[in-house]
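Worksheet for the structure shown next.
Below, read A as the first sequence line, B as the second, and so on, with proteins coming before strands; counting in each chain starts at 1.
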There are 2 protein chains.
Amino acid sequence: MSPSHIHVPHHCRTVTEILSRVGDKWSVQVVVQLGNGPKRFNELRRIVEGISQRMLTLTLRGLERDGLVTRTVYPTIPPRVDYALTGLGCSLLKTVRELGVWAIENRDEILEARRRFDGANLPEIGQDERRSDAA
Amino acid sequence: MSPSHIHVPHHCRTVTEILSRVGDKWSVQVVVQLGNGPKRFNELRRIVEGISQRMLTLTLRGLERDGLVTRTVYPTIPPRVDYALTGLGCSLLKTVRELGVWAIENRDEILEARRRFDGANLPEIGQDERRSDAA
DNA sequence: CGGAATCCTATAGGATACTG
DNA sequence: CAGTATCCTATAGGATTCCG
């Protein structure tokens with residue numbers, strides 16, 4: 001791998017692409033749940049909480065396409081479909097967890113920075129307009 | 001910190017929120033550039049490449065609000081504004097870099113998984129419809 | 001049960017023009 | 001130089017309905 005101070009646009013795109021996977025609303029949560037073992041479709045649907053059926057489908061398809069999860073169909077009636085992390089998916093989960101640890105560890109500092117910023121910058125435009133925490 | 005098998009919804013939201021920061025189109029790229037030292041507005045604009053003025057402004061405001069970068073105004077004419085990473089920003093950069101390393105290391109495996117998936121699942125609907133790499 | 005299809009809204013983000 | 005303001009489009013994602 002090239003040293004980090006050398007800028008390779010080709011790598012840059014790769015990283016950006018992966019980050020947008022990780023940054024989408026559901027992928028990581030699904031991966032985290034699958035980290036506790038394989039799950040069926042509706043099982044995930046209940047656990048992830050808030051996810052729509054459509055988005056669960058799309059998210060799982062995306063993860064499957066990237067080789068992060070496997071999809072196993074049991075042609076029974078009613079049908080049964082199991083989703084599970086691949087090795088690749090597990091290694092992503094490991095890496096992403098560190099980001100999660102960072103987030104939790106620094107949560108308070110971030111929240112306080114936001115309060116300072118909001119207090120310093122826009123107190124004059126009335127008490128609405130701050131949809132961030134008001135709405 | 002609580003063990004990772006205990007599900008704290010409060011933490012879950014925090015992590016999701018941070019991930020969406022990291023997953024947005026520009027934040028990480030800006031942070032990476034600032035990792036090489038403080039930069040002026042138009043300097044960033046040129047380096048980041050592809051970013052619109054509007055998005056650079058919004059991205060920097062967001063990072064500033066979260067306490068990840070500082071904004072220093074020199075009231076000269078013409079004006080000069082420097083942006084720099086805070087300690088918090090540096091530590092985020094460190095963590096995010098590991099995800100970047102993962103992405104680069106596993107890029108080929110992911111791309112091949114995609115080829116397999118695309119080849120196996122939708123070769124019948126014609127040669128269009130695959131906006132992912134065609135469009 | 002595990003989806004696919006359709007419709008709709010909200011947000012992200014680009015392009016352009018103006019300003020202190 | 002370093003923005004702000006406005007307009008516009010594209011995408012993400014929710015709700016609902018239908019299907020094998």
Side-chain angles (χ1 to χ4, degrees), chain A residues 16-17 19-30 33-34 38-65 69-84 121-122 124-125 129-132 134-135, chain B residues 16-17 19-30 33-34 38-65 69-84 121-122 124-125 129-132 134-135:
Chain A
T16 300
E17 208 183 328
L19 286 179
S20 78
R21 261 239 81 77
V22 161
D24 82 6
K25 201 171 173 185
W26 302 111
S27 288
V28 165
Q29 295 188 57
V30 168
Q33 292 307 328
L34 290 179
K39 302 264 176 299
R40 301 179 56 168
F41 186 86
N42 277 331
E43 201 174 350
L44 278 171
R45 189 149 142 63
R46 280 187 300 272
I47 295 178
V48 170
E49 182 149 20
I51 195 170
S52 65
Q53 190 186 51
R54 174 185 139 87
M55 285 316 296
L56 181 53
T57 301
L58 289 182
T59 300
L60 286 169
R61 284 291 175 281
L63 294 172
E64 188 194 358
R65 184 170 111 101
V69 315
T70 59
R71 175 173 184 270
T72 313
V73 182
Y74 302 94
T76 57
I77 296 184
R80 172 200 179 112
V81 181
D82 273 20
Y83 292 92
N121 283 299
L122 33 134
E124 64 274 2
I125 59 172
E129 296 293 3
R130 218 117 68 268
R131 318 103 169 114
S132 328
Chain B
T16 300
E17 208 182 330
L19 286 179
S20 78
R21 262 238 82 78
V22 161
D24 82 8
K25 202 173 174 186
W26 302 112
S27 288
V28 166
Q29 295 189 58
V30 168
Q33 292 307 328
L34 291 180
K39 302 263 176 295
R40 300 177 58 169
F41 185 86
N42 277 331
E43 201 174 351
L44 278 171
R45 190 151 142 61
R46 280 187 301 271
I47 295 178
V48 170
E49 181 149 18
I51 195 170
S52 65
Q53 192 185 48
R54 176 184 135 87
M55 285 316 294
L56 181 53
T57 301
L58 289 181
T59 300
L60 286 169
R61 283 292 175 281
L63 294 172
E64 189 194 357
R65 184 168 111 102
V69 315
T70 58
R71 175 174 183 270
T72 313
V73 182
Y74 301 94
T76 58
I77 296 181
R80 170 201 180 111
V81 181
D82 274 21
Y83 292 92
N121 283 300
L122 32 134
E124 63 274 3
I125 59 172
E129 296 293 3
R130 219 117 67 266
R131 318 100 170 119
S132 326

- Query: In whole angstroms, how far is the P atom of D/dA2 from the CD1 atom of B/Ile47?
  - Reply: 12 Å

- Would you name the heavy atoms of B/Phe41 and B/Leu56 that are closest together and state the gap between them? O-CD2, 3.5 Å

- Which of these nucleotides, D/dA2, D/dG14, C/dG14, is closest to any side-chain atom of B/Arg71? D/dA2

- Query: Between D/dC1 atom P and B/Asp82 atom CG, what is the distance in whole Å?
  - Reply: 14 Å

- Message: Within this structure, what is the CG-CD distance for the pair B/Asn42 and B/Gln53, rounded to the nearest 0.5 Å?
- Response: 7.0 Å

- Item | Touch class at under 4.0 angstrom, heavy-atom based, for A/Tyr83 against every strand present | sugar-phosphate

- Task: Measure the distance from CD1 on B/Ile77 to P on C/dG20 and round it to the nearest whole Å.
- Result: 13 Å

- Message: Contact list please: residues 21-28 of chain B against DNA chain C, heavy atoms, distance less than 4.0 Å, in numerical order.
- Response: B/Lys25, B/Trp26

- Task: Could you check A/Gln29, A/Lys39, A/Met55, A/Glu43 and say which one makes a side-chain contact (heavy atoms from CB on, under 4.5 Å) with A/Val48?
- Result: A/Gln29

- Task: Measure the CG-CD distance between A/Leu19 and A/Glu17 for me, rounded to the nearest 0.5 Å.
- Result: 10.5 Å

- Taking the nucleotide of DNA chain D with the closest heavy atom to each, which residue, A/Gly50 or B/Arg61, is nearer the 5' end? B/Arg61

- Rounded distance in Å - CG (B/Leu56) to C1' (C/dA12): 16 Å

- Query: To the nearest angstrom, how far is A/Met55 atom CE from C/dT11 atom C1'?
  - Reply: 14 Å

- To the nearest angstrom, how far is A/Arg45 atom CZ from D/dG14 atom C1'? 11 Å

- Does the side chain of B/Arg40 get closer than 4.0 angstrom to OP1 or OP2 of D/dA2 through an N or O atom? yes

- Message: When you measure only distances, ignoring hydrogens and angles, does the side chain of B/Glu43 come within 3.5 Å of the base of D/dA2 through a donor and an acceptor?
- Response: no

- Tell me what A/Arg54 touches on the nucleic acid: a base, only sugar-phosphate, or nothing, going by heavy atoms under 4.0 Å. base

- Query: Start at the 5' end of DNA chain C and walk down; is the nucleotide closest to A/Pro78 or to B/Ser52 reached first?
  - Reply: A/Pro78

- What integer distance in Å separates B/Gln53:CD from D/dT6:P? 15 Å

- Item | Between C/dG13 (C1') and B/Leu58 (CG): distance, integer Å | 9 Å

- To the nearest 0.5 Å, atom CG of A/Asp82 lies from atom OH of A/Tyr74 at 4.5 Å

- Item | Point-to-point distance, once rounded to the nearest 0.5 Å, from CZ of A/Arg46 to CZ of A/Arg40 | 8.5 Å

- One should read off an interatomic distance between A/Asp24 CG and A/Leu63 CG, to the nearest 0.5 angstrom, of 7.5 Å

